[in-house]
Asker: 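Can you keep this structure in mind? I'll have questions shortly.
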There are 2 protein chains.
Amino acid sequence: MSRRVLLVEDEAPIRDMLKFVLEQSGFETIEAEDYDIAQQKLVEPYPDLILLDWMLPGGSGVQLAKSLKQHEFTRDIPVIMITARGEEEDKIRGLDAGADDYITKPFSPKELVARIKAVMRRVTPTSNEQPIEFNGLKLEPISHRVMANDDALDMGPTEYKLLHFFMTHPERVYSREQLLDNVWGTNVYVEDRTVDVHIRRLRKAIGVHGHDAMIQTVRGAGYRFSTKL
Amino acid sequence: MSRRVLLVEDEAPIRDMLKFVLEQSGFETIEAEDYDIAQQKLVEPYPDLILLDWMLPGGSGVQLAKSLKQHEFTRDIPVIMITARGEEEDKIRGLDAGADDYITKPFSPKELVARIKAVMRRVTPTSNEQPIEFNGLKLEPISHRVMANDDALDMGPTEYKLLHFFMTHPERVYSREQLLDNVWGTNVYVEDRTVDVHIRRLRKAIGVHGHDAMIQTVRGAGYRFSTKL
DNA sequence: AGGGTGTGTGACAATTTTATTAAACGATTA
DNA sequence: TAATCGTTTAATAAAATTGTCACACACCCT
């Protein structure tokens with residue numbers, strides 16, 4: 001079952017309350033207080049749902065919603081907008097901007113959880129909680145582990161995210177910049193070449209069982225995860 | 001690759017700094033110090049991105065942004081607004097006015113370049129290239145790969161581009177010069193005969209499965225990709 | 001057949017791109 | 001504050017690709 005929720009809310013007390021409610025109901029939460037931070041958190045592994053306050057300072061709630069729908073990997077993540085009572089206008093624009101549902105402040109925890117579950121049920125069961133396996137290399141999101149033929153592999157957080165991204169998007173080339181966008185996050189400024197180092201560490205980590213052959217260099221284009229060749 | 005940036009900034013020192021930073025990163029720059037001059041520079045060839053200071057004298061930054069979005073040929077040019085710290089209000093209006101991103105002064109060169117690249121990447125949508133196949137020779141743009149009956153073929157970047165061009169323009173002769181223009185790019189100083197060498201390399205790469213017969217020499221005219229004969 | 005012209009080929013040095021290594025840096029924790 | 005862990009950067013090594021040449025070869029015409 002999908003359970004990772006990204007909370008985008010500028011007011012810390014409300015954010016804490018939401019976090020509490022969601023975690024009581026068995027969801028994992030990721031927090032962001034504004035547009036930029038939300039963008040940074042939108043990386044592998046992507047959240048399964050986004051709870052977005054319409055009234056972010058800078059009015060960037062809309063902007064975030066739009067930006068989400070423009071990017072290939074975030075397009076299918078359902079969004080629930082939080083609006084203040086009576087802001088009918090906002091509801092309309094929010095739904096226009098691509099929200100899947102909205103909830104009006106103040107709301108009961110029960111209602112919130114119910115809506116979240118409803119939306120998750122409605123959306124494609126893209127539970128990115130399922131283990132992924134290629135040629136005996138298995139990544140288990142639940143336990144946050146990578147196994148190669150029943151041996152647990154050891155790697156850093158970035159390598160894990162990188163591998164997760166690759167395994168969920170196999171047979172496709174990604175440039176260093178694209179990898180930075182998807183694994184490190186937008187609005188983070190890192191040298192292209194840094195990717196090389198993490199690729200190397202990832203290869204080393206999964207190489208003990210010969211799985212490093214699936215991380216392929218595509219000269220002049222980037223890297224690719226593939227079972228072929 | 002898109003790389004022309006129009007710089008609209010009234011303060012000469014800052015403009016020079018921006019120019020320096022961008023040119024260091026391989027961008028071409030066009031400069032404009034106010035609304036009128038910017039308008040003058042907005043002709044063929046259009047810039048690929050506009051870096052616009054919000055605080056132009058006469059407050060014409062907004063005006064320019066709006067005007068850009070009204071004209072057919074400039075509507076799709078992405079705009080990054082430069083704002084001073086704390087002018088949250090401006091961000092809102094800037095984004096409303098159609099800016100694609102904003103950056104707050106002071107900013108690091110690295111951040112600036114990263115944002116420019118990010119916006120350019122976002123604007124150029126994923127060219128959803130479909131795989132192309134002729135007689136069992138399949139080229140997959142997504143994975144950046146060439147397969148011959150389930151065997152991955154190995155070739156250099158130039159050979160790949162050459163093959164891609166041929167497969168998207170089959171049954172047609174191209175002179176060496178035309179190939180140079182289309183595959184290498186215009187205004188590159190390369191000998192005609194260099195094409196021969198790459199043709200040979202391409203033939204060798206796809207020859208392991210006998211597909212080299214599709215790359216045909218047309219004496220006195222050039223080369224052709226064809227499934228016939 | 002012989003000459004002229006156009007194309008194929010293998011080698012090579014320069015250049016570009018990627019891999020690897022080590023050290024600097026930053027955040028977190030004991 | 002020191003120690004530790006993980007990330008980033010910078011420096012260096014290694015590898016692949018590129019454009020050209022020189023020469024071999026094929027074709028066409030007289």
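Bear in mind that the values here come from a model prediction, so they are computed numbers and not experimental data. Below, chain A is the first sequence line, B the second, and so on; all start at residue 1.
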Asker: Under 4.0 Å between a Lys/Arg side-chain N and an Asp/Glu carboxylate O for A:Glu31 and A:Arg15?
Answerer: yes
Asker: Is there a donor-acceptor contact under 3.5 Å from the side chain of A:Thr74 to the main chain of A:Leu68?
Answerer: yes
Asker: Hey, is the main chain of B:Phe134 close enough, under 3.5 Å, to the side chain of B:His211 for a donor-acceptor pair?
Answerer: no
Asker: Between A:Glu23 and A:Lys19, is there a salt bridge with N-O shorter than 4.0 Å?
Answerer: yes
Asker: Taking B:Thr227's backbone N and O only, do any of them form a donor-acceptor pair with B:Glu171's side chain (distance below 3.5 Å, no angle check)?
Answerer: yes
Asker: Would you please indicate if the ring centroids of A:Tyr223 and A:Phe166 are separated by under 6.0 Å?
Answerer: no
Asker: Quick one: how far along DNA chain D does chain B reach, first to last nucleotide 5' to 3', anything under 4.0 Å to a heavy atom?
Answerer: D:dT9 to D:dC27
Asker: Using the 3.5 Å cut-off, write out each protein N or O paired with an N or O of nucleotides 13-16 of chain C and the distance between them.
Answerer:
none

Asker: Give me the residues of residues 199-211 of chain B where at least one heavy atom lies under 4.0 Å from an atom of DNA chain C, by number, or none.
Answerer: B:Arg200, B:Arg201, B:Arg203
Asker: Once you measure the plane-to-plane angle for B:Tyr174 and B:His169, does it fall in the parallel (<30°), tilted (30-60°) or perpendicular (>60°) bin?
Answerer: perpendicular
Asker: Checking all strands, does B:Tyr160 fall into the base, sugar-phosphate, or nothing category for heavy-atom contacts under 4.0 angstrom?
Answerer: nothing
Asker: Closest nucleotide of DNA chain C for B:Thr217 versus for A:Tyr223: which of these residues is on the 5' side?
Answerer: B:Thr217
Asker: Between C:dG8 atom P and B:Asp212 atom CG, what is the distance in whole Å?
Answerer: 12 Å
Asker: Between A:Arg176 and A:Glu191, does at least one N-O distance fall below 4.0 Å, as a salt bridge requires?
Answerer: no
Asker: Whether the side chain of B:Arg193 and the base of C:dG8 hold a donor-acceptor pair under 3.5 Å is what I'd like checked.
Answerer: yes
Asker: Using whole Å, report how far NE2 of A:His198 lies from C1' of C:dT21.
Answerer: 14 Å
Asker: Salt bridge or not between B:Lys204 and B:Asp212? Use side-chain N to carboxylate O under 4.0 Å.
Answerer: no
Asker: A:Thr158 near the nucleic acid: base, sugar-phosphate alone, or nothing, with a heavy-atom cut-off under 4.0 Å?
Answerer: sugar-phosphate
Asker: Test B:Arg121 against A:Glu177 for salt bridge (Lys or Arg N to Asp or Glu O under 4.0 Å), laying out the working first.
Answerer: CA-CA 9 Å; B:Arg121 222 160 29 232; A:Glu177 285 190 347; 2.5 Å; yes
Asker: Strictly distance-based, threshold 3.5 Å: is any side-chain N or O of B:Thr168 a donor or acceptor partner for the main-chain N or O of B:His164?
Answerer: yes
